[in-house]
Every structure is written in C-alpha cells, then in structure tokens.
Amino acid sequence: MATERWQDVPRQDGRRFVVTGASGGIGLETAKVLAGRGACVVLAVRDLDRGRAAAEQMSGDVELGLLDLADLASVRSFAEGIGSIDVLINNAGVLAVPFRTSPDGIELHLATNHLGHFALTNLLLPRLTDRVVVVGSPSHRHGHLDLDDLTWTRRRYRPYAAYADSKLANLLFMAELQRRLTAAGSTLRVTGAHPGSTATGITGSTGSRLKTTVGDFGHRLVGMKAWQGALPTLYAATMDVPGNTYVGPNSFHELRGWVTGVGRSQRALDPDLAKALWTESERLSGVTFPLR
C-alpha cells in the first residue's frame with residue numbers, strides 16, 4: 001500500500017458522515033478534517049457541551065447528536081433520528097476504566113467499545129450508502145474474549161484485559177459484518193483503522209492518577225499528535241479500498257508513523273469466533289442484521 005506520508009484527504013462534498021466520540025482526540029481531528037473537506041459531519045457525542053465546543057473548532061456543515069454508546073436506549077434514540085448517511089465512523093471508546101456496568105448490565109469496555117457500535121451499525125445499515133469504519137487498536141493482539149463471561153462476572157476483572165478484549169471484538173465484528181454484507185449482495189463495505197500511540201485524553205478515565213500519568217507520558221514519549229493519529233481513520237473512511245481493509249501507522253511496532261496496511265492476530269481472523277461473537281452480540285443488544 002503506497003501511502004508514504006499520506007495526508008491528502010479528497011474532497012467530500014455532498015457526503016454525510018457520523019463520527020462517534022467526536023468531541024475530543026482522534027474523533028475530533030477526524031471530524032474537523034472531514035468538515036473542512038466539504039462533508040456534512042454529525043458529531044455523535046455523550047456530552048453536548050463538549051460537542052458544541054468541538055463544533056466551534058470546525059468550519060463547514062456540522063451537526064450535533066446525543067449518543068451514549070454504553071446505553072442501548074440512547075443508541076436506539078440516536079439511530080431513529082439520524083436519517084440517511086454515507087459513512088459511519090465507529091470511533092468512540094473507553095480505556096482501562098475501573099469495573100462498571102452499563103445501564104443494560106454490560107461491562108463498560110464491551111458496552112461502549114463494541115456492543116453500542118454493533119447495535120448502532122446494524123440499526124443504521126439500511127440508511128448507509130458507502131461504508132462503516134471500525135477503529136481498532138494494536139491491543140487487540142492481547143485479547144482473548146471469553147464468550148462465556150463477556151461481562152466479567154466470574155473472572156477477576158483486569159481493566160487492560162477488558163479493553164484488549166473489546167478491541168478484539170471490534171476486529172471480529174468488522175470481518176463478520178463484511179462477510180454478511182457480501183453474502184447479502186450489498187455494495188456496502190467495512191474498513192478498519194487504528195491510530196497507534198496517540199496523545200489524546202483517553203487515559204484520563206482510568207480512575208488512577210498513576211496510571212493516567214504513566215499512560216499520558218508514554219503516549220507523549222513514543223506517540224503522535226492527534227492529527228496524525230487520525231490519518232488511518234481518514235484513509236479508511238475516504239479512500240477507495242476493499243472491504244475488510246485494516247490500516248494503521250507504519251513504524252515502531254505500529255505505534256507511530258504514516259498510513260499503511262497492518263496485520264491482525266490469529267484470533268481476530270477466526271471466522272468461527274467472529275460468528276459466535278455476533279450471535280452473542282445480537283442476544284445482548286436485541287439488534288439483528290437487517291439485510292437478507
């Protein structure tokens with residue numbers, strides 16, 4: 001993939017994007033560039049005040065939408081009111097938070113990073129015209145995903161393991177969604193990206209001042225600015241690439257650099273695990289694949 005120092009996001013006039021988690025970090029930078037390239041961008045945010053502050057940093061056509069991905073009622077409400085869109089960018093996420101459950105009783109990493117996006121995507125598929133973008137992480141390689149205990153009710157809870165599991169779920173979802181779309185004869189595609197190590201505020205919710213300080217220092221030491229970390233997502237969202245393409249940074253163990261194609265763990269490529277996760281995700285969310 002010849003993408004050395006790629007930053008040339010093409011014009012997006014007449015296209016409508018939804019970016020989850022667009023009030024800060026990678027989501028904010030992604031939305032800012034898309035709006036600047038002529039797109040209509042819906043900032044899907046949990047905090048409308050932060051969303052308004054983000055919108056003020058952007059030029060172009062920007063809308064705000066209230067969305068708490070950890071709350072399936074909020075997901076349904078947002079999906080019902082959004083209308084037709086071209087591209088859905090599933091960006092929002094939490095990292096290494098203390099054990100908490102969502103309003104639906106789901107462990108918070110799985111609820112926010114995977115299940116909310118799973119439900120949102122399936123609810124919006126009939127109104128999508130182009131693609132879904134899944135934002136993953138190199139941490140998926142450490143994920144194991146115990147389908148018999150997705151909500152961490154029997155195992156000793158480990159925040160970083162829960163995060164890694166949720167990011168593995170993202171990539172399994174990407175592959176299985178593309179398989180289902182292809183089987184249904186749909187022209188929609190699913191692409192993926194990860195930002196490597198990027199200096200954002202995602203480590204600020206760990207509940208531990210030490211972990212937050214160490215995480216921030218690590219990102220600043222080896223990571224990139226948020227604008228560069230957003231480039232893989234922008235590439236996956238705007239370039240003419242096949243479904244199931246996965247991109248990320250090209251240097252230093254995929255932690256920094258410019259956009260290139262990147263690999264996945266063997267678990268992330270397991271079709272049986274992907275199908276089993278899909279079945280369990282339908283059960284937990286009450287949302288099913290809408291295309292037959």
Side-chain angles (χ1 to χ4, degrees), residues 19-28 43-51 54 65-79 90-123 134-140 142-173 194-195 198 200-216 218-219 277-278 280-287:
V19 183
T20 69
S23 61
I26 299 298
L28 171 61
L43 312 182
V45 297
R46 187 176 54 184
D47 183 327
L48 289 177
D49 288 337
R50 289 189 64 200
L66 181 63
L67 173 64
D68 182 352
L69 284 159
D71 185 343
L72 290 170
S74 176
V75 172
R76 288 182 180 275
S77 177
F78 176 86
N90 289 332
N91 163 81
V94 295
L95 167 64
V97 297
F99 182 78
R100 299 206 306 271
T101 57
S102 72
D104 307 288
I106 309 300
E107 187 277 321
L108 201 61
H109 288 96
L110 190 78
T112 305
N113 298 358
H114 168 64
L115 197 64
H117 282 131
F118 174 91
L120 178 65
T121 300
N122 279 291
L123 291 168
V134 174
V135 177
S137 166
S139 295
H140 86 271
H142 306 293
H144 293 272
L145 209 62
D146 184 346
L147 293 178
D148 295 322
D149 189 23
L150 285 175
T151 56
W152 293 82
T153 55
R154 295 196 303 269
R155 293 171 290 165
R156 181 178 64 85
Y157 179 70
R158 294 177 293 141
Y160 287 100
Y163 173 73
D165 280 4
S166 71
K167 301 317 286 185
L168 173 57
N170 289 159
L171 297 192
L172 291 166
F173 167 63
H194 79 72
T198 302
T200 69
I202 195 170
T203 58
S205 56
T206 62
S208 164
R209 181 177 296 179
L210 176 61
K211 289 180 181 178
T212 296
T213 300
V214 171
D216 286 347
H219 285 311
L277 174 64
W278 188 284
E280 187 64 7
S281 300
E282 287 189 337
R283 184 186 72 81
L284 291 171
S285 68
V287 178

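For clarity, every value in this text was computed on a predicted model and none was experimentally measured. If you read the sequence from its start, that first residue is 1, and numbering goes on from there.
Asn90 contributes no side-chain N or O that, together with a main-chain N or O of Val134, makes up a donor-acceptor pair within less than 3.5 Å. The backbone N or O of Ser139 lies less than 3.5 Å from no partner atom in the side chain of His142, so there is not a single donor-acceptor pair. Remark: the backbone N or O of Val97 is paired with a side-chain donor or acceptor of His109 at under 3.5 angstrom. Formation of a donor-acceptor pair under 3.5 Å by the Ser77 side chain with backbone atoms of Ala73 is not found in this model.
Here the CG atom belonging to Asp165 is positioned 9.5 Å from the CG atom belonging to Leu147, to the nearest 0.5 angstrom. Rounding to the nearest 0.5 Å places CZ of Phe118 at 9.5 Å from CG of Leu123. With rounding to the nearest 0.5 Å, the separation of CG in Asn113 from CD in Glu107 is 8.5 Å. Going from atom CD of Glu280 over to atom CG of Leu150 covers 5.5 Å, rounded to the nearest 0.5 Å. A distance of 6.5 Å separates OG of Ser137 from NZ of Lys167, quoted to the nearest 0.5 Å.
Between Asp104 and Leu115 the shortest side-chain heavy-atom distance does not fall below 4.5 Å. By the 4.5 Å heavy-atom criterion applied to side chains, Val135 and Ile26 are not counted as neighbours.
Taking all atoms of both residues into account, the shortest heavy-atom contact from Tyr163 to Ala96 is CB-N, 4.2 Å. Across every non-hydrogen atom of Tyr157 and Ala162, the tightest pair is CE1-CB, 3.7 Å. Looking at every heavy atom in both residues, Leu72 comes nearest to Ala119 through CD2-CB, 3.9 Å. Nearest heavy-atom pair across Ala70 and Thr112 is CB-OG1, 3.5 Å. Considering all non-hydrogen atoms of both residues, Gly51 and Ser23 come closest at N-CB, 4.1 Å.
With sequence neighbours left out, Ser102 forms a side-chain hydrogen bond (donor to acceptor under 3.5 Å, both in side chains) with no residue at all. Evaluation of the side-chain contact (heavy atoms from CB on, under 4.5 Å) rule for Thr151 yields Ile106, Asp149, Thr153 as partners, not counting sequence neighbours. Residues satisfying the side-chain hydrogen bond (donor to acceptor under 3.5 Å, both in side chains) criterion with His114, sequence neighbours excluded, are Ser281. Ser74 meets the side-chain contact (heavy atoms from CB on, under 4.5 Å) test with Leu67, Asp68, Asp71; sequence neighbours excluded. Looking at residues two or more places apart in sequence or on another chain, you find no side-chain hydrogen bond (donor to acceptor under 3.5 Å, both in side chains) involving Arg156. Shown here are the side-chain contact (heavy atoms from CB on, under 4.5 Å) partners of Ala161, two or more places apart in sequence or in another chain: Trp152, Arg158. For Asp49, the salt bridge (charged side-chain N to carboxylate O under 4.0 Å, His left out) test picks out Arg52, with sequence neighbours left out. The salt bridge (charged side-chain N to carboxylate O under 4.0 Å, His left out) check on Arg154 picks up nothing, with sequence neighbours excluded. Judged as a side-chain hydrogen bond (donor to acceptor under 3.5 Å, both in side chains), and not counting sequence neighbours, the contacts of His194 are Glu254. For Glu282, the salt bridge (charged side-chain N to carboxylate O under 4.0 Å, His left out) test picks out no residue, with sequence neighbours left out. Not counting sequence neighbours, Asp47 has no partner by the salt bridge (charged side-chain N to carboxylate O under 4.0 Å, His left out) test.
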**Steps toward side chain to side chain contact (heavy atoms under 4.5 Å, CB included) verdict (Trp278, Asn122)** = CA-CA 11 Å; Trp278 188 284; Asn122 279 291; 3.6 Å; yes
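Within the structure, the salt bridge (charged side-chain N to carboxylate O under 4.0 Å, His left out) test picks out no pair touching residues 108-122 (sequence neighbours left out).
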